[in-house]
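These numbers come from a predicted model, not from an experiment. All ligand and atom numbering here is 1-based and tracks the order in the structure.
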Amino acid sequence: MEIFEAMARDGHEQVIFCSNKAAGLKAIIGIHDTSLGPALGGCRMWPYATEEEAVVDVLRLSKGMTYKSAAAGCNYGGGKMVVWGDPKKDKSEALFRALGRFVEGLDGRFYTGTDVGTASSDFIWSSYETDKVSALPEEFGGSGDSSITTAFGVWKGMKACVKEVFGTESLKGLRIAVQGVGKVGFHLVGHLVDEGAAVTVSDINRDYVDRITSKYQVKVVEPDAIYDVDCDIFSPCALGAVINDDTIKRLKCKIIAGAANNQLKEHRHGHDLQSRGILYAPDYVINAGGMIQVVDELQGFNKERAFKKTAAIQDLLTRIFAISKRDGIPTMQAANVMVEERIESISKVSRVFLRG
Ligand code: NAD
């Protein structure tokens with residue numbers, strides 16, 4: 001793989017390979033863009049098939065974090081760490097402490113926390129070596145479960161979508177199909193049912209289906225049938241790439257608004273949704289609540305402030321929809337335009353000379 005070429009293509013600043021044979025650590029830190037502040041992004045642990053796969057993943061994910069952070073108004077850039085290993089077998093104190101030392105060595109250029117394959121408790125070990133970790137368990141000074149904040153942000157974001165399409169913020173009486181009732185989906189359904197929406201859910205995990213039906217009055221469909229549900233809002237809260245050639249023609253919704261990352265399989269699917277008159281809430285904007293919480297934790301966590309900042313996702317989406325209409329572009333593209341404008345204008349501010 002031509003790593004420098006790949007970095008130049010998407011504007012990455014730095015890629016750091018970290019190895020500690022004794023601890024069994026093989027990790028890569030990707031720093032995409034630090035125009036707005038130090039890079040921030042979770043640490044993913046995954047049994048990649050090849051080194052190249054790990055590099056491609058860290059480049060893709062770190063770029064995504066630049067956009068997510070900038071859109072939410074955070075003063076952080078985009079970064080990510082990937083650990084090459086099997087989260088079921090390869091975790092150890094030594095591995096997470098070694099990882100913490102590499103993060104510390106970057107001297108505040110990079111902050112990390114949980115992602116797929118890692119848990120808050122793993123970073124207790126890392127925190128012995130560095131204070132540049134966030135999303136620690138509450139009893140270790142962290143902010144706790146971020147999926148509650150993410151779900152709150154998705155609920156607020158849905159209100160912006162509904163206002164745009166139906167002219168009212170209320171979800172009462174709307175038919176909402178939620179794909180995946182894991183951590184985020186579960187809390188989201190709570191908000192929706194409390195507001196009087198008619199909710200249909202699906203999940204491949206029977207235990208999660210039972211958990212939700214024992215608490216809320218919701219309809220359940222088989223996992224694949226969720227795309228055919230006649231509804232006002234389709235809310236992907238499970239997997240990426242669920243908006244694709246196969247599913248778009250089946251969807252009967254007017255709005256797509258959910259927590260899953262990378263919902264559009266390809267860029268062009270944003271155009272397809274636009275031409276079908278389906279309003280799409282860009283994923284990295286609507287699902288930013290968890291990141292907002294983690295960023296807040298780095299300043300000394302204040303729950304009220306984190307929820308207030310997350311509630312602003314509603315106004316942010318309204319602004320993005322206005323750009324989309326003004327420029328006749330899909331909402332995802334409009335979000336990117338807004339982010340790139342912020343990065344450009346704030347970068348210019350830092351050109352002011354401060355001291356010699
Ligand atoms: P989770 O693993 O707790 O929940 C995902 C759920 O989706 C699980 O219950 C799983 O069984 C289910 N699922 C998987 N495949 C499915 C399918 N084909 N059909 C129906 N259900 C299926 O994860 P989560 O933390 O709730 O996150 C959900 C999504 O939101 C993920 O894409 C995640 O990357 C994204 N996200 C989460 C957060 C957060 O704070 N947790 C923040 C931003 C984005």
Nearest protein heavy atom to [atom], by residue and atom, and its distance?
{"atom": "atom 8 (C) of ligand 1", "value": "Asp203 OD2, 3.6 Å"}
{"atom": "atom 15 (N) of ligand 1", "value": "Ile204 CD1, 3.5 Å"}
{"atom": "atom 44 (C) of ligand 1", "value": "Ala259 O, 3.3 Å"}
{"atom": "atom 43 (C) of ligand 1", "value": "Asn287 O, 3.5 Å"}

Within the 4.0 Å heavy-atom shell around [X], which atoms of ligand 1 are there?
{"X": "Ser147", "answer": "40 (O), 41 (N)"}
{"X": "Leu239", "answer": "15 (N), 18 (N)"}
{"X": "Gly180", "answer": "7 (O), 21 (N)"}
{"X": "Ser146", "answer": "40 (O)"}

Using a plain distance cutoff, I'd like to know if [X] has any nitrogen or oxygen under 3.5 Å from a nitrogen or oxygen of ligand 1.
{"X": "Lys183", "value": "yes"}
{"X": "Thr150", "value": "yes"}
{"X": "Asn261", "value": "yes"}

Legend entry - ILVMFWY cluster membership beyond Phe353 - transitive side-chain contacts under 4.5 angstrom: none
Legend entry - Connected hydrophobic set around Phe102, excluding itself, where side chains approach under 4.5 Å: Ile16, Leu25, Ile29, Ile31, Met45, Met81, Val83, Leu95, Phe96, Leu99, Val103, Leu106, Phe110, Phe123, Ile124, Trp125, Tyr128, Val133, Leu136, Phe140
Inset, instruction - Give the cluster check for Val218 versus Ile204: same hydrophobic cluster or not, with ILVMFWY residues linked at side-chain heavy-atom distances below 4.5 Å. - result: no
Inset, instruction - Go through the side-chain N and O atoms of Lys68 and Asn287 and say whether any donor and acceptor fall under 3.5 Å apart. - result: yes
Legend entry - Candidate with minimal heavy-atom separation from atom 32 (O) of ligand 1, of Gly185, Ala238, Gly240, Gly182: Ala238
Legend entry - Residue part near ligand 1, for Val184, under 4.0 Å between non-hydrogen atoms: both
Inset, instruction - Would you mind telling me if ligand 1 is within reach of the side chain of Cys237, the backbone, both or neither, using heavy atoms under 4.0 Å? - result: backbone
Any Lys/Arg nitrogen of [X] or [Y] sitting under 4.0 Å from an Asp/Glu carboxylate oxygen of the other?
{"X": "Arg175", "Y": "Asp232", "answer": "yes"}
{"X": "Lys132", "Y": "Asp107", "answer": "no"}
{"X": "Arg250", "Y": "Asp224", "answer": "yes"}
{"X": "Lys159", "Y": "Glu195", "answer": "yes"}

Legend entry - Output field: ring centroids Phe152/Phe307 closer than 6.0 Å: yes
